[in-house]
Amino acid sequence: MELYEYKAYELSDMLKSGEISSVELTQSVFDRIEKTDPTIGAYLTLNRESALFDAEKIDLKRASGDELSPLAGIPIGIKDNISTAGIRTTCASRMLENYTPVFDATVITKLKNAGAIITGKLNMDEFAMGSSTETSYFQPTKNPFDTSCVPGGSSGGSAAAVASMEAVMALGSDTGGSIRQPSSLCGVVGLKPTYGSVSRYGLVAFASSLDQIGPIARSVKDAAMLQDVICGHDSMDATSARRDYAPISGKLNGDVRGLRIGIPKEYFGDGIKPEVKDAVMKSVKALERMGATVKEASLPSTEYALSAYYIIACAEASSNLARFDGVKYGYRCENPENLMDMYERTRSEGFGREVKRRIILGTFVLSSGYYDAYYKKAKLLQKRIRPEFDAAFNDVDVIITPTSPFEAFKFGDKMDDPLAMYSADICTVTVNIAGLPAVSIPCGYSETGLPYGMQIIGRSFDERTILNTAYAHELDFGGFRSPVVSCGEVEL
Ligand code: GLN
């Protein structure tokens, strides 16, 4: 077995015991990237030299007997909307093609303090707007299970890199499903943490009230390990929650006896592929056999959630993206005639179609005369969704749904039909609107070997219960299935 194939928790032990060095591991991951990334296209920027340099420093520290974090020496990829000092951060947009931040996002500072090795920056939908990574200005990213299919989005580069073993783990961001949906389509574990538990300082804002950074990994234990490092209060983020964050990794035992699982019928309706529903319910039955109890739950506002999400997200995006005006940083058009011409052409040329669509939609729903009809209604709905979850959590400990209504789809399938693309988020957006934590975990495979994902939603700040439920499922269902085994046709 090659080093890049191991899980983070295994590598952590191997590094600690001195069986392997971080330089060997980092080298192995970069060899893998060199071999497979021309096919997959997960990376936009590689950080090879610094990574090997940092790995050597960690090896020396370990040799001198320093007490190190479990993440020390582990190579991790970063979605390209998270600021990395000295490493280009593009948001997969022409607007930021040549932008190199001078500061690290708080999550990056935390990773560096833990001794993690940054492999590079991962492809995504432009400014995290999309569900297939096809809106990236630079390149498509292929699904490692079938390269004619999308990896999902917007953290498609992160999920594909982890699935193709071009990174041991990765960070993604999730505004309406962008960690969970690509994780589902690429057969990996993706955690969207509770809003406020991971600092957003240094995350390029899409919709600030919904955005959250989180881990993507090949095992539940790995995701827990990464979450333990990145969570915590940060005074640089005004929405960061001040509380105790008890470590989760090391506490997972897969014991679900007495756990109450809620199944909301609204998430098992017509739009969801029958095979996906079957795979999820089969996994729920298995959890029941392990001692959990299953009951029906009701979340009646679900049918309006997607509309509310696209109104709120676009409204916030239209405001957040106003800063890209050709003045402060980023792209500026050639030879502007005057200030207005500069603004207009900079933004017309710098942003792609989907981003422009959302800015226009967001500006529309916030404009006088339409504000009450759209934005205000969406916000009222948001006020209803959270109490509905709270009521459901009076009777159950976790809520289980499909993550995505369908498995990975072909390139181009949904690009000309925004509504079809938006429907990919039907099961995930409510969780962001309510600010809750949720994890997606593989729960089945289609006839052609494409993964299905199951979403486990929990109470605010109860990442531990959803991860423990996911861990129980993982023990029963089996861990990460590598694309080489299940697909076979792609020589990776
Ligand atoms: N796919 C959703 C969208 O396009 C979610 C994006 C995200 O979570 N960043 O808005």
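Along the sequence shown, residues are numbered consecutively beginning with 1.
- Arg32 places a side-chain N or O within 3.5 Å of a backbone atom of Ser164 that can act as its donor or acceptor partner.
- Taken to the nearest 0.5 Å, the CD1 atom of Ile179 stands 8.0 Å off from the CG atom of Leu171.
- Note that OG of Ser154 and CD of Glu126 are 11.5 Å apart. Values are rounded to the nearest 0.5 Å.
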Next item on the list: May I have the step-by-step check of ring-ring contact (aromatic ring centres under 6.0 Å, His included) for Tyr4 and Phe30, ending in yes or no?
Entry: CA-CA 9 Å; Tyr4 61 75; Phe30 277 101; over 10 Å; no

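- Aromatic ring orientation, Tyr201 versus Phe103: tilted (interplanar angle from 30° to 60°).
- Separation of atoms CG (Asn432) and CG (Asp211) is listed at 8.5 Å; rounding is to 0.5 Å.
- To the nearest 0.5 Å, the span separating CD1 on Ile213 from SG on Cys231 amounts to 12.5 Å.
- Other residues, nucleotides and ligands contribute at most 12 non-hydrogen atoms within 6.0 Å of the CD atom of Glu56.
- Ring geometry for Phe389 versus Phe393: interplanar angle under 30°, hence parallel rather than tilted (30 to 60°).
- Both the sub-6.0 Å distance and the 45° axial angle are not jointly satisfied by Arg347 relative to the ring of Phe324.
- A cation-pi contact, defined as under 6.0 Å to the ring centre and within 45° of the axis, links Lys221 to Tyr9.
- A distance of 13.0 Å separates CD of Gln212 from OG of Ser178, quoted to the nearest 0.5 Å.
- Closest heavy-atom contact between Tyr43 and Ala167: OH-CB, 3.6 Å.
- Annotation: Phe206 is not in aromatic contact with Phe127 [ring centroid separation under 6.0 Å not met].
- Two residues are said to be in side-chain contact when any heavy atoms from C-beta on lie closer than 4.5 Å; Val431 and Lys192 meet this criterion.
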Next item on the list: Run the numbers on Asp255 and Asn468 for side-chain hydrogen bond (donor to acceptor under 3.5 Å, both in side chains), then give the verdict.
Entry: CA-CA 7 Å; Asp255 183 357; Asn468 201 40; over 6 Å; no

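- For Lys376, the NZ atom is loosely surrounded, since the number of other residues' heavy atoms within 6.0 Å does not exceed 12.
- Under the side chain to side chain contact (heavy atoms under 4.5 Å, CB included) criterion, Pro418 pairs with Arg357, Tyr422, not counting sequence neighbours.
- The cationic atom of Arg88 (NZ for Lys, CZ for Arg) lies less than 6.0 Å from the six-membered ring centre of Phe138 and within 45° of the ring axis.
- For the pair Tyr310/Arg358, a side-chain contact is recorded, criterion being any heavy-atom separation below 4.5 Å from C-beta on.
- For the side-chain contact (heavy atoms from CB on, under 4.5 Å) test with Val162, the passing option among Ile216, Asp222, Val168 is Ile216; the others fail.
- Expressed to the nearest 0.5 Å, how far CD1 of Ile118 lies from CD1 of Ile108 amounts to 4.5 Å.
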